[in-house]
Amino acid sequence: MASPTPVAAAPRRGRVLLPTIIVLAVIVIGFVIFTSFYTDWLWFDSVGETEVFTVTLITRLALFASFGLTMAVVLAGTLWVAYRFRPAVPPLTQEQAGLERYRMALDPFRVVITLGIAALIGLLAGISASSEWSTFLRWRNATDFGITDPQFGLDIGFYVFTYPFLRFVLGFAISATLLAVGLAVAAHYLYGGLRLQPKGDRMSTAAQVHLSGLIALLLLLKAAAYWLDRYGLMIKSEALVQGFTGMKYADANAVLPALQILTFVALITAVLFIVNMLVRNWVIPMIGLGLLVLTSILVGGVYPAIVQQFQVRPSELVREQPYIERNINATRSAYDIADAQIQEYPGTVEPPTETVIDANLGTLENIRLLDPALASPTYNQLQQIRAYYSFNDSLDVDRYALEGGQRGAIVAAREINLAGIPDSQRNWANDHAVYTHGYGFVSAYDNTADNSGQPDFFESDIPPEGLLGIEQPRIYFGEISPTFSIVGAPEGTPPVELDYPDDASPTGQVNNTYTGNGGVAVGGLFNRLLFATKFQDSNILLTDLINEESRILWDRDPLTRVEKIAPWLTLDQDPYPAVVNGRIVWLVDGYTTSNEYPYSSRVSLSEVTSDSITVRTGSSAVAPRDQLNYARNSVKAVVDAYEGTVTLYAWDESDPILQTWMKAFPGVVEERGAMPPEIEAHVRYPQDLFKVQRVVMSRYHVTDPATFYNGTDFWIVPFDPTQSIQQFQPPYYLTLQMPGQVGPAFSLTTTFAPQRRPTLAAFMAVDSAPGDGYGTIRVLQLPSNTTIPGPTQVQNNFESDPEISAELSLLRRGGSEVNLGNLLSLPFNGGLLYVEPVYLRATQDGYPLLRKVLAGYGANVALEDTLDEALAAVFESDPLPTPEPTPGPNPDPNPDPGPTPTPTPTPGPSGDPLTDLQTALADAEAAYARGQAALADGDFAAYGQAQADLEAALRRAREAEARLTGDDGGQPA
């Protein structure tokens, strides 16, 4: 007899399987969420800043719970009231008969649906509110600015700290009330309290009371919004005059009274709806609501437009003048340019005397010839050592106190770069346990090069050799460090981390074991499981390279580390390395910013900080606020490249925004006096802030409201003339002596051009070296009729000069590429001196070498082999003593002089200038080719002779051209 088929088994298994899957999914999701939070806490614990994590988390949770719960209670309560006071017997109409089917279907699930709707919307509201944690903390710890606004007399801190939070709370309340009105209408309609096809009254008494109360509450909130909008006029932006921010004449005399009237009308209408809760008559409150809408259109829209059209436009300057003055004063204060020292500069061009040259030696001797934007390939070629090391694409400018005084330097950290490892050697162990860190620091003098055009290094090589005394050259925390690395081992364990290559070692390398305190312990099974989940990498669980002393390093970029510890800062995008007390550290500038400073004009951070070197778009984690109208460099951060420790120093201790955040996170930011002098020696004025200030200064150097309104004296930041893309010329760190200064100072500089003219309008520099003058902005304003050329015109003068053009054309032939370095502008002798290094790069696997220097002074331009020759040509005198040539890297103490190169015979003139010109150009090309061949062979003596032949050929070409055109130009035969 066949056994019966178990027909009920499958359904029972299905009923068990689905809950099991759900439970497992909840466990997995919960563990992933727990992993995210707990590993973050471990990261903050590793840098000693758990308070940042806990304060932020508690604030987020408190906002989530309070606002989410409030929203849920309001909505659930609204639905409960609508159901509780529903009609006991709905009217017998066709409409209600149709709704009865829905009521019967929903009633068994009514509580679940009510709680589900309230929970879902409450969850979304809580998540939205939790993102306002910084707004809440700013309000909770607000600090007065000590400055009052000119309209209401309120402290600026009200607009920066209190107003945003009030707007958020009011917006939340209005949203909750609107949702409650919508749900109440739906519920009353479903249960018969609100009827579209009435048989009798359209609305029950309970529905009328309920809806009237909710609408009255909404109108009260709208009245509060109208009242708060009065203060919003102080920070609104309109294009009166190129980004004007703040209240204008029409706002003060039409919009402001209109908002007061609307506040009153909204309150009266709210009272009418409250009365309607007692008197069942919708006519009067609806008339009040219609009156509010009509008033908002006529008084809030039409009346201000009439005032603008018929009172302001006919005499706009007269009407707006006091408000433009407010905008000027507020903007200059908000961007910290109010104390800029603007002085008239003659803009004359005269041949300098020896006295003038001696007085300006502080500038002339420190002209930077090494371009940090072009030097990276050269550093990589000469100091990369191995392909798995790399330098940043754009190097950094710093200065060091060396024998003989302070010297400018182009610096770079030699970081590990996994992309340089051959594909055959790429595996998990190498990527995460062997190639773990960079090694060393490279620095070259910024105003010299050796005879071959290579940088003159004073710190280089592996192991480090040089003048800086590096004791800890390892870089575990850098800009291009791997996503995560696992380091460390018990004492006595053979090291597996590649430290640096060593040809003398049997293995070709020296290994190392990390002994620092950076990172988080990962030796235990639980932590391995955590980080395997975090990085979605099972190898962390399975590898035998992890031991009880292992540590995992992640979030290693200096900007990321500072951003996590101080999420309220906007960070400068150019961290730079320095050697301090034998260790490599990263310095990062942090800004406190706001977008709510009354009357201050706004700028887009991404737009004003983009230039020919760096192009930025929108906001990011380290620059979360793109629009701003207030900025201060309030914090200097230091990140240790070996330990990963982050130390924040209060640089501008008077900044109210910084004081507010220091109250929110006590102990996170140290006092300025705690900064060691060795670190302070490498502090510099930040580029991004300076870029913002120069754009603002281009308009707000004008302090007269009438002139500002007309816009006739506005400047522009010139485009970089050495680049094909139209982007701002970047500011340059230079050591120079401004008029009135007793000596040269490390400064950040820029130029301005007048609108629609290629001349120079002004030169601006800010003291970048710590001390009493740090942050002092000096502007040299040239006369409006100046003939001093601007950067674009100077570059055109260089390129259009026949001699320079011919020589550059020859340099570009023969398989070489000419790279034009940064065009530097320097105040000199009442005018401007321009200097531009010229680099030559072989087109195949070449790297830039400094070969020539362009100089311009007034209408004089020159292209010479050295800076002093170029200056002598434009000054018509030698401004600098000829320095001893700097030897190339690792010179041979007993070099073999080799055969003396034989000069190429110079042919005499043939009598036919055209033939002589063709012969000279051919000789120039041949000399150039010999020079390139000698350079490739490393024969610098032959290269020098070829350069001399090239000069002679070019001279003969110029003479032949002069004879051909009948104008010898005063040239000797």
Side-chain angles (χ1 to χ4, degrees), residues 69-93 95-100 102-104 106-107 110-111 113-118 121-122 125 169-226 262-296:
L69 188 61
T70 299
M71 178 67 79
V73 168
V74 167
L75 299 185
T78 296
L79 292 174
W80 180 84
V81 169
Y83 177 78
R84 172 66 179 79
F85 295 100
R86 68 193 185 283
V89 180
L92 297 176
T93 64
E95 177 188 23
Q96 293 301 313
L99 291 173
E100 182 64 26
Y102 291 102
R103 287 194 285 265
M104 293 179 63
L106 292 176
D107 267 351
R110 177 181 55 81
V111 175
I113 293 173
T114 299
L115 295 179
I117 291 174
I121 299 179
V169 173
L170 189 58
F172 171 84
I174 291 176
S175 298
T177 307
L178 280 172
L179 288 171
V181 170
L183 289 175
V185 169
H188 283 298
Y189 176 71
L190 178 65
Y191 288 104
L194 182 63
R195 298 175 286 276
L196 300 180
Q197 299 175 358
K199 184 178 181 181
D201 293 336
R202 287 180 177 271
M203 190 178 298
S204 67
T205 301
Q208 177 172 328
V209 171
H210 191 194
L211 291 176
S212 296
L214 289 175
I215 295 173
L217 176 60
L218 184 62
L219 288 168
L220 289 174
L221 293 173
K222 187 60 180 175
Y226 281 135
L262 287 169
T263 301
F264 177 75
V265 173
L267 289 173
I268 295 298
T269 307
V271 171
L272 294 178
F273 274 93
I274 292 174
V275 172
N276 193 50
M277 296 170 66
L278 306 175
V279 180
R280 299 182 60 186
N281 186 348
W282 283 94
V283 175
I284 295 178
M286 293 308 294
I287 291 175
L289 191 61
L291 179 62
L292 176 61
V293 173
L294 182 63
T295 304
S296 65

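Just so it is clear, the model here is predicted, and its values are computed rather than measured. Computation of the quantities below employed the complete heavy-atom set of this structure, encompassing side-chain atoms and omitting hydrogens, waters and symmetry-equivalent molecules.
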Test Ser204 against Phe85 for side-chain contact (heavy atoms from CB on, under 4.5 Å), laying out the working first.
CA-CA 9 Å; Ser204 67; Phe85 295 100; over 6 Å; no

Between [atom1] on residue [X] and [atom2] on residue [Y], distance to nearest 0.5 Å:
X	Y	atom1	atom2	result
Ile121	Ser175	CD1	OG	11.0 Å
Leu289	Thr269	CG	OG1	6.5 Å
Met286	Leu291	CE	CG	12.5 Å
Asp107	Ile113	CG	CD1	9.0 Å
Leu272	Ile215	CG	CD1	12.0 Å

Shortest non-hydrogen contact from [X] to [Y]?
X	Y	result
Leu214	Ala184	CD1-CB, 3.8 Å
Met277	Ser212	CG-CB, 3.6 Å
Leu211	Met203	CD1-CE, 4.2 Å
Val74	Ala180	CG1-CB, 4.1 Å

For Leu106, look at atom CG and say whether over 12 heavy atoms of other residues, nucleotides or ligands are found less than 6.0 Å away.
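Counting neighbours around CG of Leu106, more than 12 heavy atoms of other residues, nucleotides or ligands fall under 6.0 Å, so yes.
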
Residues which pass side chain to side chain contact (heavy atoms under 4.5 Å, CB included) with Leu267, listed by chain and number, not counting sequence neighbours:
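Checked Leu267 against side chain to side chain contact (heavy atoms under 4.5 Å, CB included); matches are Leu220, Ala223, Thr263.
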
Could you list the residues that satisfy ring-ring contact (aromatic ring centres under 6.0 Å, His included) with Phe172, not counting sequence neighbours?
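Once residues adjacent in sequence are excluded, the partners of Phe172 under the ring-ring contact (aromatic ring centres under 6.0 Å, His included) criterion are Phe67.
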
After noting the C-alpha distance and the side-chain angles of Met71 and Leu179, does the key distance pass the side-chain contact (heavy atoms from CB on, under 4.5 Å) rule?
CA-CA 9 Å; Met71 178 67 79; Leu179 288 171; 4.0 Å; yes

Checking Asn276 side chain against Val209 main chain: does a donor-acceptor pair fall under 3.5 Å?
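A pair under 3.5 Å: no.
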
Under 3.5 Å: donor-acceptor pair, side chain of Thr114, backbone of Ala76:
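No: the side chain of Thr114 does not pair with the backbone of Ala76.
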
Show your reasoning for whether side-chain contact (heavy atoms from CB on, under 4.5 Å) applies to Tyr191 and Arg84.
CA-CA 10 Å; Tyr191 288 104; Arg84 172 66 179 79; over 6 Å; no

Quick one: do His210 and His188 satisfy side-chain contact (heavy atoms from CB on, under 4.5 Å)? Show the steps, please.
CA-CA 10 Å; His210 191 194; His188 283 298; 2.9 Å; yes

The single option from Val181, Thr177, Ile274, Ile174 passing side-chain contact (heavy atoms from CB on, under 4.5 Å) against Leu217
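That would be Thr177.
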
Heavy-atom side-chain proximity of Tyr226 to Leu292 below 4.5 angstrom:
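Tyr226 vs Leu292: side chains touch.
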
